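Single-structure report; data block below.
All values reported here derive from a predicted model rather than from experimental measurement. Any value given below was found using the heavy atoms of this structure, including those in side chains, with hydrogens, waters and symmetry copies removed.
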Amino acid sequence: MTATSTPPEHSKTSLISKEAVAIRFCGDSGDGMQLTGGQFTNTTAVVGNDFSTFPDFPAEIRAPKGTTFGVSGFQIQFASHNIHTPGDSINAMVAMNPAAFKMNIEDVEPGGIVIANDDEFNKVNLKKAGYTEETNPLDDDEIQRRFQLFRIPISRLTRESLAESGMGAKDIDRCRNMYALGMAYWLYQRPLEPTIDHLESYFQDKKGLPEVAAINVRALKAGYHFGETAEMFPARFEVPAAPLEPGLYRKISGNEALVIGLATASQLAKTEMLFAGYPITPASDILHGLSGLKHMGVQTFQAEDEIAAVCAAIGASFAGQIGVTGTSGPGLALKGEAMGLAMMLELPLVIVDVQRAGPATGMPTKTEQADLLQAMYGRSGEAPVIVLAASSPSDCFDTAIEAVRLATRHMCPVIILSDGGIANGAEPWRIPDLDSYEPIVIEHPTVPNSEDGFKPYVRDEKTGARPWVIPGTPGLDHRLGGLEKEAETGNVCYDGDNHDSMSRARQAKIDAAADIIAPIEVHGGVDSSTLVLGWGGTSGSIEAAVSILSQEGESPAYAHLRHINPFPRNLGQVLSQYQKVIIPEINMGQLSMLIRARYLIDAIGINELKGRSFRTRELADRIRAIMDGGDS
């Protein structure tokens, strides 16, 4: 059945229209919260809302059940207008156990809806979550005054709805998330069909488990009917579709967009691609996704470690393919020496760094922007590379294509900086017309380039790149390696003047990339004396915060960088127009350091490292404080 636009006549439930809603599903890591949130997101995409998601899960493979360490959550904000973040506070929370309740209740807005699985708030689970045996938070008067609390025995109701299924207790209990999802679908008028189709396709068609599909569908419908018949909720909510630009849309995460973007770049270049990687959170899904695209000329190789992976990618580039590797912060450190080799060999190489909270192992499932300086300088010697930063899940698609274009044009490594929030978060993506993308032109010489034979380090006047020769091409044999090269000939050379000249030539071809990258654009209050400058995954928070300030009578200008090395040609001129330049970052001020050093601008940083992006209300207040003459 589908959600109806009006409640049944016998119901006392009123219908309330809202412009935006943020809901969070949370429970134990084995409760299927990511699946629940993902299905709610897919259905929201079908309905036509704009949305932004925030999956949040533990790093431990299997934390003790019922403890706060094992809480998994999925937040989605969906709206009838354009939005840029998953939301600050949440309007509704579904908590499957006391630990999930404890870890998430403070994020619920006053008066917000809290649906608690009352069955799980027993003495054992309360103790695991850190409550005393006498303290059940659902009995707390303050909780009951502050929120709309609904104590629903989800576990028992799920078992009752599936009592005649013939399935075991464990299989039935795994369906509790579908029961909760059904209630949420009723509450927010979401149709059931997309999830039913998914369950039947996944369990029945792909897994050959029609009985598992059947009980999940039955639990989903039972949860929906409970909302419809229990007359427990005083209101249900309607969020109209957003006025999105006409076109074909799909839900996409950052890692999915990187997968599709890299495969598309291979097609645009008419050149096969090798992605060599080693599994590491939160980048592993790129390897998984590309492994299914062999028909698009993409080969994948899971190496035994990070160093082997980057070296395999370099080998592919040496052989004339597009070599790509992916990792997160710890793996980027391990790849540093080989990246220096690729820079010295002057071969194209794309490195995807999906940043996570560090240092060392850090917090693998939390997001951060602290690899910027490592991407810029994390190699021995003067080893410049091009550095790009994606700003959103969908932006990863274009960033991947641009990275391949620049790597092959300038014969150098290119680092793509993503982060955990971008990688796992999702948003609507309007599928582009690929005919609008320029081909990536790759030329492999077949004849000597001088009267004295082939000289492998004769450079292109525009790009500074050396020729990319396919090994075995007759008459074009030459020497490669990590030792310094003599200009033009490529012979090993220890002459100081030659080393100085070659180092400057390698830097010059990175600088030459600025000739084709887009100038930075300024938005918001163009006449303001304050510019808010961002990079990477802070884009949505910054745009939302500036929008808040604009509505409140203050409108700073804002701009966002994709190109970190080299910077856009016009960046210095743009910065010079403002009295104050504010740079929010999820680090201790790395872009601020680069901007100060390069342009002698006294940039003011707003910095925090909390494993998530900025809360937009907090960010707006901190920007206003700086505009008014205070500190951040």
Please answer whether the main-chain N or O of [Y] pairs with a side-chain N or O of [X] as donor and acceptor at a distance below 3.5 Å.
X	Y	value
D28	D31	no
H410	K509	yes
D50	I83	yes
S201	H198	no
T41	G37	yes
N255	P282	yes
T36	L181	no
Q507	P384	no
S317	P348	yes
R379	M376	yes

May I ask you to test the [X]-[Y] pair for a side-chain heavy-atom distance under 4.5 Å?
X	Y	value
F318	L345	no
D205	E200	no
L594	N565	no
Y185	P191	no
I252	F397	no
I520	F567	no
E245	R430	yes
S328	T281	no

Between atom [atom1] of [X] and atom [atom2] of [Y], what is the distance when rounded to the nearest 0.5 Å?
X	Y	atom1	atom2	value
Q39	R190	CD	CZ	14.0 Å
M411	D460	CE	CG	11.0 Å
N607	I583	CG	CD1	9.0 Å
D56	Q75	CG	CD	9.0 Å
R250	N42	CZ	CG	9.5 Å
E368	R356	CD	CZ	11.0 Å

Take atom [atom1] in [X]; do more than 12 heavy atoms of anything else shown fall under 6.0 Å from it?
X	atom1	answer
E382	CD	no
Q267	CD	yes
Y278	OH	no
Y202	OH	no

(message) Under a 4.0 Å threshold between the charged nitrogen and the carboxylate oxygen, would D515 count as salt-bridged to R569?
(response) yes
(message) Does this structure show an ion pair linking D107 with R24, if we count only N-O contacts that are shorter than 4.0 Å?
(response) yes
Locate the shortest heavy-atom distance separating [X] from [Y]; write the atom from each residue and the value.
X	Y	value
R615	G87	NH1-O, 4.3 Å
S29	S72	CA-CB, 3.8 Å
E608	S613	OE2-O, 4.3 Å
A312	L274	O-CD2, 3.7 Å
T327	G331	OG1-CA, 3.0 Å
P519	P568	CA-CB, 4.3 Å

(message) Ring-plane angle category for H523 and Y558, please: parallel below 30°, perpendicular beyond 60°, tilted otherwise.
(response) tilted
(message) Before we go on, tell me: are the rings of F57 and F74 under 6.0 Å apart, centre to centre?
(response) no
(request) For side chain to side chain donor-acceptor pair (under 3.5 Å), just list the numbers for T44 and N49, CA-CA rounded to whole Å, side-chain angles, deciding distance to a tenth of an Å, and then say yes or no. (result) CA-CA 6 Å; T44 294; N49 298 123; 5.0 Å; no
Modelled atom types, side-chain donor and acceptor of [X] and [Y], under 3.5 Å:
X	Y	result
H563	E402	yes
E272	Q321	yes
Q590	E585	no
T264	Y437	no
T85	T616	no
K335	T325	yes
T367	D419	yes

(request) Please determine which of V546, I586, L619, D88 meets the side-chain contact (heavy atoms from CB on, under 4.5 Å) test together with S541. (result) L619
(message) Out of the candidates S392, S391, C396, only one should pair with S394 under the side-chain contact (heavy atoms from CB on, under 4.5 Å) rule; please name it.
(response) S392
(message) Let's go through M178 and T195 carefully: what are the C-alpha distance in whole Å and the side-chain angles of both, what is the deciding distance for side-chain contact (heavy atoms from CB on, under 4.5 Å) to 0.1 Å, and is it a yes or a no?
(response) CA-CA 9 Å; M178 287 298 105; T195 300; 4.3 Å; yes
(request) List the steps and the verdict of side-chain contact (heavy atoms from CB on, under 4.5 Å) for L591 and L561. (result) CA-CA 10 Å; L591 179 62; L561 286 167; 4.0 Å; yes
(request) Evaluate the side-chain contact (heavy atoms from CB on, under 4.5 Å) criterion for residues V354 and I416: first the C-alpha distance (whole Å), next the side-chain angles of each, then the deciding distance (0.1 Å), finally the verdict. (result) CA-CA 8 Å; V354 186; I416 299 174; over 6 Å; no
(request) For side-chain contact (heavy atoms from CB on, under 4.5 Å), just list the numbers for L417 and Q369, CA-CA rounded to whole Å, side-chain angles, deciding distance to a tenth of an Å, and then say yes or no. (result) CA-CA 9 Å; L417 292 174; Q369 288 184 296; over 6 Å; no
